[in-house]
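To start, the structure under review is shown below, and the notes come after it.
Counting convention: from 1, in listed order, for ligands and their atoms alike. Keep in mind the model is a prediction, meaning the values are calculated, not measured.
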Amino acid sequence: MSSRKRKLEQNSIWDRTKVENLFSKNEIKSIHIDKLYKYLVRNVKQKSWANMKDYPKAAMKLLNENFEFCTSKVLGAQEAEDGTTKLLVELQDGSQIEEVIMYYDTRNNEKGTGRRRATLCVSCQIGCQMACTFCATGTMGLKGSLTEGEIIEQFVHALDIADISNIVFMGMGEPLNNYNNVKAALKMLTDSRFFALQNSHITLSTVGVIPRIMTFAEDFPKCNLALSLHAPNQELRKRIIPTAKGYKLDKLMNTIKQYQEKTKNAIFIEYLLLHKINDTEKEARELGELLKDIKCTVNLIPWNSIESPSINYKSPLHEDIIKFKEILKEYDIPSTIRQSKGNDIAGACGQLVVDQSKQGKNKKIKIVDIEDLSKK
Ligand code: SF4
């Protein structure tokens, strides 16, 4: 999938590819690139490379003349009672995106293996071309894709607020439609010489861009994959996710099996429950059959019609949600039910859309981290 070209005048220092190209053109040794990023990561709160010692003058001049520490800025924050914080970020071309910091404390879990952590949900596009019928971001269309630097800048902004240990690519946009930039950002974020996040602490959520799923498996076999499935058959899936027309369900499930053979990872299945559309016993049994050979946890997300009044779906009945979950259990498929809007932010692909009118208003948000789902 191609993405719209944006006209960008500033370069982010976090666009490593651009730094590499410029240094190579000017015959500056690549050793100075690693040195730069080691310095930046260690001194990230300084927001500058000006005090870097023993650095070649020519390289320093190139950096000073061509790069900014951050090309984006945080315009405002919305904080929930439990600390969940949504940041509104303005990019250099005036586009706006959102990122969300979520806090989890699993120290009291059954196995006693939990920890306290902060997870960042990042955006990778401005809007999205996939036009899923339930998705606020999809209504914007695609305005453009983020650079690797803009993706990393979201992490850098979040570090001002929390010590982020986990990242989920579940904000605005389809990460596999901006894969080169997502890949470059992931390399910097997981490289043990730089930000050193654990691969197992990264989750990428896709609506099913089949050609890129195995590429992701090859590049990041230890990262997690979440699939926004939302329907157990092709006809229904096409109604909910129009792009499923091109990415057929049988091919998608074969690709998921290949992904599991390659990575041995369990995957997260996101399933939005829409009243009388995909939440009946028939769909639950079809889903059970579809997933019986897949190592996965299903995250059932009851549609919240109050939170999204402009989208014409109805919330499922409580008894239908419980029944759906019980049927999946008959098929030995673990599932969890997500309860609130905060949870929507935490786990559903692309549930963010910029709405400045809501900035600053507190909301009660209850959250389960997607990575904990597989441990239940
Ligand atoms: S759900 Fe994800 S893929 Fe679908 S329109 Fe929204 S952001 Fe795009």
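Separation of the Trp49 and Tyr37 ring centroids does not fall under the 6.0 Å cut-off. Residues Tyr55 and Tyr39 keep their aromatic ring centres 6.0 Å or farther apart.
Of all the atoms in ligand 1, the ones that sit under 4.0 Å from a non-hydrogen atom of Gly138 are 5 (S). Residue Cys135 has at least one heavy-atom neighbour below 4.0 Å for each of these atoms of ligand 1: 1 (S), 5 (S), 6 (Fe), 7 (S). Contact atoms of ligand 1 toward Ala131: 5 (S) (distance under 4.0 Å to a heavy atom of the residue). Distances below 4.0 Å separate heavy atoms of Phe134 from the following atoms of ligand 1: 1 (S).
For atom 4 (Fe) of ligand 1, the nearest non-hydrogen atom from the set Cys132, Ala136, Gly127, Ser205 belongs to Cys132.
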### Task
In sequence, state the C-alpha distance, the side-chain angles, and the governing distance for Phe216 and Leu186, and then conclude on side-chain contact (heavy atoms from CB on, under 4.5 Å).
CA-CA 11 Å; Phe216 176 64; Leu186 271 179; 4.2 Å; yes
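Not a single heavy atom of Ser228 sits under 4.0 Å from any atom of ligand 1.
Scanning for side chain to side chain donor-acceptor pair (under 3.5 Å) contacts around Thr71 gives Glu153, with sequence neighbours left out. A search for side chain to side chain contact (heavy atoms under 4.5 Å, CB included) contacts involving Ser30 returns Ile33, not counting sequence neighbours.
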